[in-house]
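In what follows, chains carry the letters A, B, and so on, assigned in the order in which the sequence lines appear, proteins first and then strands, with residues in each chain numbered from 1.
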4 protein chains.
Amino acid sequence: MSRGRPRTAGADEAILTAVRELLTAHGFAGFSVDDVATRAGVGRQSVYRRWPTKAALVVAAMSAIAAGAPPGTGTLAGDLRALVQRTRAAYAGAQRSALLDLHAAMAGDPAARAAFEEQFVAPRRAALAALLSEHDSPADPAVLHDLLAGPFLHRLLTTDTDPDDALVGAVTAALIGAAS
Amino acid sequence: MSRGRPRTAGADEAILTAVRELLTAHGFAGFSVDDVATRAGVGRQSVYRRWPTKAALVVAAMSAIAAGAPPGTGTLAGDLRALVQRTRAAYAGAQRSALLDLHAAMAGDPAARAAFEEQFVAPRRAALAALLSEHDSPADPAVLHDLLAGPFLHRLLTTDTDPDDALVGAVTAALIGAAS
Amino acid sequence: MSRGRPRTAGADEAILTAVRELLTAHGFAGFSVDDVATRAGVGRQSVYRRWPTKAALVVAAMSAIAAGAPPGTGTLAGDLRALVQRTRAAYAGAQRSALLDLHAAMAGDPAARAAFEEQFVAPRRAALAALLSEHDSPADPAVLHDLLAGPFLHRLLTTDTDPDDALVGAVTAALIGAAS
Amino acid sequence: MSRGRPRTAGADEAILTAVRELLTAHGFAGFSVDDVATRAGVGRQSVYRRWPTKAALVVAAMSAIAAGAPPGTGTLAGDLRALVQRTRAAYAGAQRSALLDLHAAMAGDPAARAAFEEQFVAPRRAALAALLSEHDSPADPAVLHDLLAGPFLHRLLTTDTDPDDALVGAVTAALIGAAS
DNA sequence: GTATAATCGAGACGGTACGTCGGGTCTTTCG
DNA sequence: CGAAAGACCCGACGTACCGTCTCGATTATAC
């Protein structure tokens with residue numbers, strides 16, 4: 001079928017790793033695609049062959065973070081509590097500025113937005129939906145997701161500080177309340 | 001006294017208006033400072049004389065939206081309900097992409113972040129704090145603010161759709177619950 | 001001996017033909033080696049297997065034009081006159097831009113220069129030398145060659161127009177005069 | 001009329017000088033526009049603001065060489081002789097590769113060709129025309145120009161050696177003969 | 001009225017990143 | 001092996017935008 005030299009194994013991951021490191025170290029505006037290529041030990045064209053745009057590249061690099069195994073407590077409340085803790089972690093620490101910059105990367109780039117939605121948001125929403133249906137909750141997964149991640153995101157964007165326990169408690173209570 | 005030619009009356013507002021229009025039409029990355037100057041019928045330097053940076057300029061343009069008079073129902077629950085409605089409006093419609101891009105603009109620009117915090121976030125938080133103290137609620141205004149605006153912001157950033165009634169209801173319930 | 005798959009018959013000629021067409025149509029800088037390969041229905045590597053460089057490739061494509069059988073009038077003057085006519089033809093018409101670009105191709109490429117010298121210039125100079133010795137002329141063949149081809153080349157490079165009769169007449173006169 | 005910051009005095013010349021040096025040292029393909037800008041102590045955009053293309057830039061750099069004061073012997077033959085000597089000098093020595101590369105620069109760039117024609121060829125042809133009319137010669141200046149410069153150019157392009165005395169003599173004789 | 005001084009529109013400036021393109025090499029699979 | 005396909009590294013191209021810097025021309029206060 002398709003012939004020709006196959007893409008260098010591991011190059012994709014080397015590039016994405018480079019992006020993640022640079023994103024954490026210098027922020028979205030603080031590195032160029034050329035920096036990425038150099039750090040990944042790759043030609044610049046090899047980056048553009050895989051992702052059309054710096055924004056798309058960053059989205060791809062971030063989407064790997066989105067992965068999430070199911071909690072697995074017995075009760076719905078327990079599972080939600082675990083979920084809140086995990087979300088808190090996602091919006092805290094080193095990830096912070098990277099996530100901020102991810103949003104920056106997508107401004108005015110609908111394709112990147114769509115990729116983000118598909119690779120980053122959808123899995124988390126799906127996990128939530130699975131959890132709700134498992135416990136026969138009639139709540140809307142999209143609403144719960146907004147209720148879960150929104151407050152952490154808002155704190156991150158407006159304050160640039162890690163979420164505190166008061167916020168975690170409030171979110172947990174709100175979530176459990178909304179799940180009926 | 002101050003000598004020299006006074007700044008052209010109305011230039012500030014012409015510039016900010018141009019920013020708002022361009023922000024709505026093309027997004028943060030979709031226009032240059034030069035575009036702003038041209039559209040405002042002003043030299044580029046006249047923009048930079050007033051705001052040091054594109055991000056700062058955009059923050060200033062957006063902060064006008066932040067204005068908010070206190071609700072004024074009798075009950076705490078009623079006031080919170082009104083506040084949710086107003087917040088929903090702020091995160092819906094034409095403002096949407098502008099707000100999104102505003103956040104984008106501030107990534108990696110601490111000065112702009114601070115300006116945004118001061119001009120955009122603080123007033124809303126202050127209004128909330130006043131409301132809470134007026135009704136003797138012990139709740140943390142910062143937490144309530146995150147709980148109030150976060151879900152709308154999250155939906156905006158991830159979905160690019162207007163908030164629906166289900167979300168409004170959930171946020172209202174969460175807020176009233178958190179205010180004890 | 002040599003084993004393995006033999007080179008595809010006719011590929012060489014297909015490639016050179018493609019080069020000639022592209023040279024005429026778009027000029028040296030106006031096509032890539034990839035264009036050549038595509039048009040010849042050949043892989044790019046098959047081109048590089050045969051010629052080391054784009055310039056060398058173009059030289060090879062042009063050298064086929066250089067072919068020249070001896071004139072064969074009785075007199076020296078008659079033979080020179082015929083030679084001028086033939087040279088005029090070489091520097092006119094469709095060949096024009098191709099020849100121009102050939103010279104361009106060789107700038108800064110000594111190997112291509114040498115190949116051009118060997119395949120393109122030498123035969124014509126040899127023909128001239130044979131002609132002169134046949135008629136016992138003491139003139140320097142190199143000088144005569146410059147006097148013969150130079151004016152046509154100059155007109156081509158500076159004017160991009162075909163040589164006119166006045167130029168042909170002047171060249172002929174100069175040549176006959178120089179051959180004593 | 002047009003206001004705004006005037007172009008930096010001397011920048012044009014600094015750029016052209018840099019081009020000439022780089023052309024002599026490394027040849028047309030041996031330097032980038034960025035090299036030019038760096039060497040001239042100028043931003044790259046300042047180069048592109050003045051000349052649209054690398055080729056156009058090189059043409060401009062070379063055209064300064066074209067300058068030529070009139071000879072001024074008493075006789076037509078003497079003037080032509082002087083002209084030949086000067087032309088010989090133009091096509092010899094350090095200029096050589098630069099001139100070669102100039103032709104390379106213009107391949108496939110009609111605008112550059114036109115600029116070259118206007119700035120480089122026309123003045124020399126005009127000088128020749130003036131000379132001929134001064135001495136009441138009916139000869140075609142264009143033809144004489146081809147006859148004068150062509151042989152030197154041809155030797156340069158094909159041989160990459162300086163013109164020798166034999167060539168100078170032949171060109172002189174041809175020229176005087178053609179001028180009647 | 002005549003300095004003095006700040007602002008204005010215009011646009012050039014040095015930098016830096018963008019995304020594209022081409023050259024020449026390397027590496028697959030298929031014949 | 002040769003061939004077609006296509007990925008690879010490298011580096012130049014020309015464009016765009018940022019934030020700064022001159023210009024000459026206003027337009028005000030201050031002397």
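- A donor N or O paired with an acceptor N or O is found under 3.5 Å between the base of E/dC26 and the side-chain atoms of C/Gln45.
- Following rounding to the nearest Å, C/Leu57 (CG) and E/dG24 (C1') show an atom-to-atom distance of 13 Å.
- The distance between atom CH2 of C/Trp51 and atom C1' of E/dG23, rounded to the nearest whole Å, is 17 Å.
- Screening C/Val36, C/Leu22, C/Leu16, C/Val19 for a side chain to side chain contact (heavy atoms under 4.5 Å, CB included) involving C/Val58 leaves a single residue, C/Val19.
- From A/Phe31, atom CZ reaches atom OG1 of A/Thr24 across 9.5 Å, with rounding to the nearest 0.5 Å.
- When rounded to the nearest whole Å, the span between CZ of A/Phe31 and C1' of E/dC18 equals 13 Å.
- The heavy-atom pair separating D/Ser46 from D/Val42 by the smallest distance is CB-CG1, 3.5 Å.
- Scanning all heavy atoms of the two residues, the minimum distance from B/Ala60 to B/Trp51 falls at CB-NE1, 3.3 Å.
- Across all strands, A/Gly41 comes closer than 4.0 Å only to sugar-phosphate atoms, never to a base (heavy-atom distances).
- Put simply, D/Thr8 has no side-chain N or O that comes within less than 4.0 Å of OP1 or OP2 on E/dA12.
- Proximity of B/Arg7 to the phosphate of E/dT7: a side-chain N or O atom is located under 4.0 Å from OP1 or OP2.
- Under 4.0 angstrom from either OP1 or OP2 of F/dG19 there lies at least one side-chain N or O belonging to B/Thr53.
- Both A/Asp34 and B/Pro6 sit near DNA chain E, but only B/Pro6 has its closest nucleotide nearer the 5' end.
- Taking CD from A/Gln45 and CZ from A/Arg50, the interatomic distance works out to 10.5 Å, rounded to the nearest 0.5 Å.
- At E/dA6, none of the side-chain N or O atoms of B/Arg5 fall inside 4.0 Å of OP1 or OP2 (strictly under the cut-off).
- Here F/dC13 presents its C1' atom at 13 Å from CG of D/Asp35, a figure rounded to the nearest Å.
- Contact of B/Arg44 with F/dG19 (side chain to base): a donor-acceptor pair of N or O atoms is detected under 3.5 Å.
- For the pair D/Lys54 and F/dC13, the criterion of a side-chain N or O lying under 4.0 Å from OP1 or OP2 is met.
- Remark on the helix from E/dG1-F/dC31 to E/dG31-F/dC1: inter-end axis angle 10°, axes from five-pair C1' superpositions, rounded to 10°.
- There is no side-chain donor-acceptor pair under 3.5 Å between D/Thr38 and D/Asp35.
- The two atoms that bring B/Ala61 and B/Arg20 nearest to each other are O-NE, 2.8 Å, heavy atoms only.
- Going from atom CG of C/Leu153 over to atom CG of D/Leu153 covers 4.5 Å, rounded to the nearest 0.5 Å.
- Checking E/dA5, E/dG22, F/dT15 against the side-chain heavy atoms of D/Tyr48 singles out F/dT15 as nearest.
- With DNA chain E read from its 5' end, the first of the two nearest nucleotides for D/Gly43 and B/Ala40 is the one closest to B/Ala40.
- Applying the 4.0 Å criterion to OP1 and OP2 of F/dA3, one finds that C/Arg50 has a side-chain N or O inside that range.
- Residue B/Ser46 places at least one side-chain N or O under 4.0 Å from the OP1 or OP2 atom of E/dC8.
- Proximity of C/Arg49 to the phosphate of F/dA3: a side-chain N or O atom is located under 4.0 Å from OP1 or OP2.
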